[in-house]
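Okay, structure first, notes after.
None of the values given here were measured: they were computed from a predicted structure. Below, chains carry the letters A, B, ... as their sequence lines are ordered, and counting in each starts from 1.
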Number of protein chains: 2
Amino acid sequence: MSLSHALLTALLEHPCSGSELADRFDRSIGYFWPATHQQIYRELAGIEKSGWIESLPPESGRGRKRDYRVLPAGEAELKRWVVEPQNPRTVRDELLVRLRAEAIVGPTYLQVGVEQRMLRHQARLAHYLNLERRDFSNPDPDRAQRLRHLVLQAGIDSERRWIDFCRTTLSILAETNPR
Amino acid sequence: MSLSHALLTALLEHPCSGSELADRFDRSIGYFWPATHQQIYRELAGIEKSGWIESLPPESGRGRKRDYRVLPAGEAELKRWVVEPQNPRTVRDELLVRLRAEAIVGPTYLQVGVEQRMLRHQARLAHYLNLERRDFSNPDPDRAQRLRHLVLQAGIDSERRWIDFCRTTLSILAETNPR
DNA sequence: CCGAACATGTAAGCCGTTACATGATTTA
DNA sequence: TAAATCATGTAACGGCTTACATGTTCGG
């Protein structure tokens with residue numbers, strides 16, 4: 001259950017409400033663990049019942065903002081989880097499935113999809129590079145900053161690799177272009 | 001629904017039964033789109049009902065092998081799907097979540113998990129390199145071969161990238177090692 | 001002919017996605 | 001004060017995982 005622990009992390013960085021959490025997710029942890037607001041509200045309710053967080057003021061149900069903060073039990077749980085043995089990540093990439101299919105039923109116009117995907121990776125790379133310039137220019141970062149920078153660099157590297165891969169794919173597809 | 005189309009691809013490459021399909025998946029398409037035998041049986045039943053495949057002989061229910069082959073409608077569907085607009089892939093990587101958490105609650109012994117993960121990537125890389133030597137030594141591959149090779153190379157590249165990333169991570173974690 | 005391995009299948013639970021609903025707050 | 005927006009939540013569905021169940025074939 002990575003989402004609950006991602007939420008604990010975000011709430012430790014800065015206590016806030018569900019909607020603010022959803023906004024912050026969209027431009028930080030959500031880059032490598034996306035979540036919609038529905039998921040976030042459901043999960044917040046769950047981990048509150050577990051005693052890992054508490055919601056502070058209103059209690060008056062719907063429509064009112066509820067701010068959460070992490071309880072000691074939540075921080076302990078997060079510490080425990082960080083070093084828990086990791087089960088192998090499951091990779092799932094649709095483009096690779098499509099390429100295998102194209103090898104059988106092609107040539108097709110798959111190149112159009114690959115081009116679109118390359119554009120998305122390029123846009124994302126540019127965005128990440130902006131974040132890097134903005135948030136990680138400090139010449140003498142502390143430990144936490146270096147770790148967060150490392151995570152961003154993983155994203156940057158990943159986008160670059162996919163752009164390269166799309167280029168290679170396009171050159172192979174082009175050789176027997178259906179037109 | 002990538003799984004159904006991955007199954008169509010595998011069945012086009014070579015018609016076979018569910019259990020054989022599950023075996024073959026484990027050492028080809030399953031590298032980038034894993035599936036258990038339960039998923040595969042369920043999905044086969046589904047796409048047979050859709051009229052994309054047909055099962056040949058026994059029909060006598062449980063325990064008996066059932067061989068499937070792709071119908072023309074299935075091949076048409078696969079062709080359609082290959083060029084269908086792709087929705088952005090969703091990335092989900094637990095290690096990156098852990099690193100963000102470690103930046104807050106650390107230092108911890110996360111390095112142990114990172115080392116384990118690096119070992120897994122190294123093992124997988126070695127395996128992929130063996131496959132490459134075995135299946136892609138042909139000096140003059142045809143289009144389909146080149147595309148399949150490309151997919152394997154994506155896997156090789158990915159493993160190398162993760163190994164590098166684990167190394168960098170370990171060096172940053174080591175600087176403030178708990179002990 | 002009996003037990004092990006094989007082949008297929010069922011069931012429950014979790015997580016994620018999508019669509020929709022309702023109460024509160026802001027703004028024109 | 002009505003409409004738009006914000007904040008929270010419900011409901012339904014689908015795919016994946018895990019555990020289990022049932023029938024068939026094969027090897028000793």
Whole-Å distance separating the CD atom of B/Glu43 from the P atom of D/dT17: 13 Å
Is there, by distance only and without an angle test, a donor paired with an acceptor across the side chain of A/Arg42 and the base of C/dT17 below 3.5 Å? yes
Respond yes when some side-chain nitrogen or oxygen of B/Tyr41 is under 4.0 Å from OP1 or OP2 of C/dT8, and no when none is. yes
Of A/Met1 and B/Ser17, the one whose closest DNA chain C nucleotide lies more 5': B/Ser17
Taking CG from A/Leu21 and C1' from D/dC6, how many angstroms apart are they, rounded to a whole number? 16 Å
Side-chain N or O of A/Thr36 closer than 4.0 Å to phosphate OP1/OP2 of C/dT17: no
Aromatic contact, B/Tyr31 with B/His127 (centres under 6.0 Å): yes
For the residue pair B/His5 and B/Trp81, does the interplanar ring angle fall in the parallel (under 30°), tilted (30 to 60°) or perpendicular (over 60°) class? parallel
Would you kindly give the CD1-to-C1' distance between B/Ile40 and D/dC16, to the nearest whole Å? 12 Å
Does B/Trp33 make a side-chain N or O approach to OP1 or OP2 of D/dC16 shorter than 4.0 Å? yes
Residue whose closest nucleotide on DNA chain C lies nearer the 5' end, A/Pro34 versus B/Gly18: B/Gly18
Short side-chain donor-acceptor distance under 3.5 Å, A/Arg148 and A/Gln145: yes
To the nearest Å, how far apart are A/Lys49 NZ and D/dG9 P? 12 Å
Checking C/dA7, D/dT17, C/dT17 against the side chain of B/Arg92 (C-beta onward), the nearest is C/dT17
Tell me whether the OP1 or OP2 atom of D/dT17 has a side-chain N or O from B/Gln39 closer than 4.0 Å. yes
How many whole angstroms separate atom CG of A/Leu44 from atom P of D/dG9? 9 Å
Could A/Arg66 and A/Glu48 be called an ion pair, given the rule that one side-chain N must be under 4.0 Å from one carboxylate O? yes
What is the distance, to the nearest angstrom, from the NZ atom on B/Lys65 to the P atom on C/dC6? 11 Å
Below 4.0 angstrom from OP1 or OP2 of C/dT25, is there any side-chain N or O of A/Arg64? yes
Taken to the nearest whole Å, NE2/B/His37 to P/D/dT22 is 15 Å
Under 4.0 Å between a side-chain nitrogen and a carboxylate oxygen: does that hold for A/Arg161 and A/Asp164? no
B/Tyr68 OH to C/dG9 C1': how many Å, rounded? 11 Å
